[in-house]
Structures are given as structure tokens and as C-alpha cells.
Amino acid sequence: MSTGSPIASFRLLEERFTGRMASVLALSISGVFLDGYDITIIALALLAIRPEFHVTPIQIGFIASATLIGNLLGALVFGHLADRAGRRPIFLYDMAFFVVFAILSGLSQNIWQLILWRFLLGIGIG
């Protein structure tokens, strides 16, 4: 097996893989999982939201798309900031931002609050 082969490269990486690297990897994966979970779970939540808030089909569209629109805006605005300030500090702020607006989404008193909190949550995901 040559030293330039993919298997040799993988073995070299495996030998250098530390516990700290594993924890960073786990944290990164959990952040991506939470983002994807939140974007996906709104589809199921809409089944309960619809009778609770008596929403129209247009309002359901706003709820479903608010996070994705915020996601686009957040990526455009804060992606550059993450490159300049560093991924780690921005990731930590992002997780706090995510938690705050996820909780506020769950505590929404009306449909427009929910749309606003989901939009701001999307900015954090982006």
C-alpha cells in the first residue's frame, strides 16, 4: 500500500484522532442535527398549530417558510462574520441564539409572534 493511498491517509488520521477532536466533532454534529431537526419538525408541529391558532393556509405558508427565509438571510449576513471572527465563538453564540428563539417559538401567544420567532430562529440556523 502506498503512502498516498486513501487507506493510508485514513489510518494516519485515525492514529492522530484525540478525545478533544471527538468532542469537537460531536458538538459540530449535534449543532447540524438540531438545525435540521428544527427545520423538519415544523411540518409535524403545523398539525397541532393549525387548530390551536385557527390559521389560514397563507399563514401556514408563512410559518413554514419563515425559518428558511431567516436561514438564507442569516447565512448571507453572518457567514462572512463567522469567517472573520472565527467559527468557534460564532457557533457558541449561534447555539444560545437558537435556544432562546426555539423557546420563544414554543411560548408564542399568536401566529405573528410564532412567525417572527421562527424567522429569527432561521437567522441563527443560517
Identify every side-chain donor-acceptor pair in residues 118-126 under 3.5 Å, counting partners at least two apart or on other chains, and give the distances.
unit_1: Arg118; atom_1: NE; unit_2: Thr67; atom_2: OG1; d: 3.1
unit_1: Arg118; atom_1: NH1; unit_2: Asp38; atom_2: OD1; d: 3.3
unit_1: Arg118; atom_1: NH1; unit_2: Asp38; atom_2: OD2; d: 3.0
unit_1: Arg118; atom_1: NH2; unit_2: Asp38; atom_2: O; d: 3.4
unit_1: Arg118; atom_1: NH2; unit_2: Asp38; atom_2: OD2; d: 3.3
unit_1: Arg118; atom_1: NH2; unit_2: Thr67; atom_2: OG1; d: 3.0

[Y] reachable from [X] in the ILVMFWY side-chain graph, under 4.5 Å edges:
X: Ile111; Y: Ile42; answer: yes
X: Ile63; Y: Leu73; answer: no
X: Ile90; Y: Leu92; answer: no
X: Phe97; Y: Leu104; answer: yes
X: Trp117; Y: Tyr93; answer: no

Requested in this report: Among Ile, Leu, Val, Met, Phe, Trp and Tyr joined by side-chain contacts under 4.5 Å, find the other residues sharing a cluster with Val99 and list them by chain and number.
Outcome: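 Result for Val99 is Ile103, Leu107.
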Query raised in the report: What residues join Leu72 in its hydrophobic cluster, counting side-chain heavy atom gaps under 4.5 Å, either direct or through other members?
Result: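 Leu72 shares its hydrophobic cluster with Leu76.
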Query - Any residue meeting salt bridge (Lys or Arg N to Asp or Glu O under 4.0 Å) with Asp94, in chain and number order, not counting sequence neighbours - result: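 Salt bridge (Lys or Arg N to Asp or Glu O under 4.0 Å) check on Asp94 returns nothing, list empty.
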**Report entry** Where at least one partner belongs to residues 67-78, residue pairs that pass salt bridge (charged side-chain N to carboxylate O under 4.0 Å, His left out), sequence neighbours excluded
**Finding:**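 For residues 67-78, and leaving out neighbouring residues, there are no salt bridge (charged side-chain N to carboxylate O under 4.0 Å, His left out) pairs at all.
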Query - Contact list for residues 48-67, test salt bridge (charged side-chain N to carboxylate O under 4.0 Å, His left out), sequence neighbours left out - result: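 Pairs touching residues 48-67 that pass the test: none.
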Requested in this report: For residues 98-114, pull every pair meeting side-chain hydrogen bond (donor to acceptor under 3.5 Å, both in side chains), keeping only residues two or more places apart or in separate chains.
Outcome: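 Checked against side-chain hydrogen bond (donor to acceptor under 3.5 Å, both in side chains) - neighbours excluded - no pair reaches residues 98-114.
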Query raised in the report: Got a sec, which pairs hit side-chain hydrogen bond (donor to acceptor under 3.5 Å, both in side chains) with one end in residues 69-78, sequence neighbours left out?
Result: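 For residues 69-78: none.
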Closest approach of [X] and [Y], non-hydrogen atoms and distance?
X: Gln59; Y: His54; value: OE1-O, 4.3 Å
X: Pro51; Y: Leu47; value: CD-O, 3.1 Å
X: Pro89; Y: Gly86; value: CD-O, 3.5 Å

Query raised in the report: With sequence neighbours excluded, what pairs up with Phe62 under the ring pair (Phe, Tyr, Trp, His ring centres under 6.0 Å) test?
Result: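 In terms of ring pair (Phe, Tyr, Trp, His ring centres under 6.0 Å), with neighbours along the sequence ignored, Phe62 is linked to no residue.
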Partners passing side-chain contact (heavy atoms from CB on, under 4.5 Å) against [X] (at least two apart in sequence or in another chain):
X: Ser65; result: Ile69
X: Ala75; result: none
X: Phe33; result: Tyr37

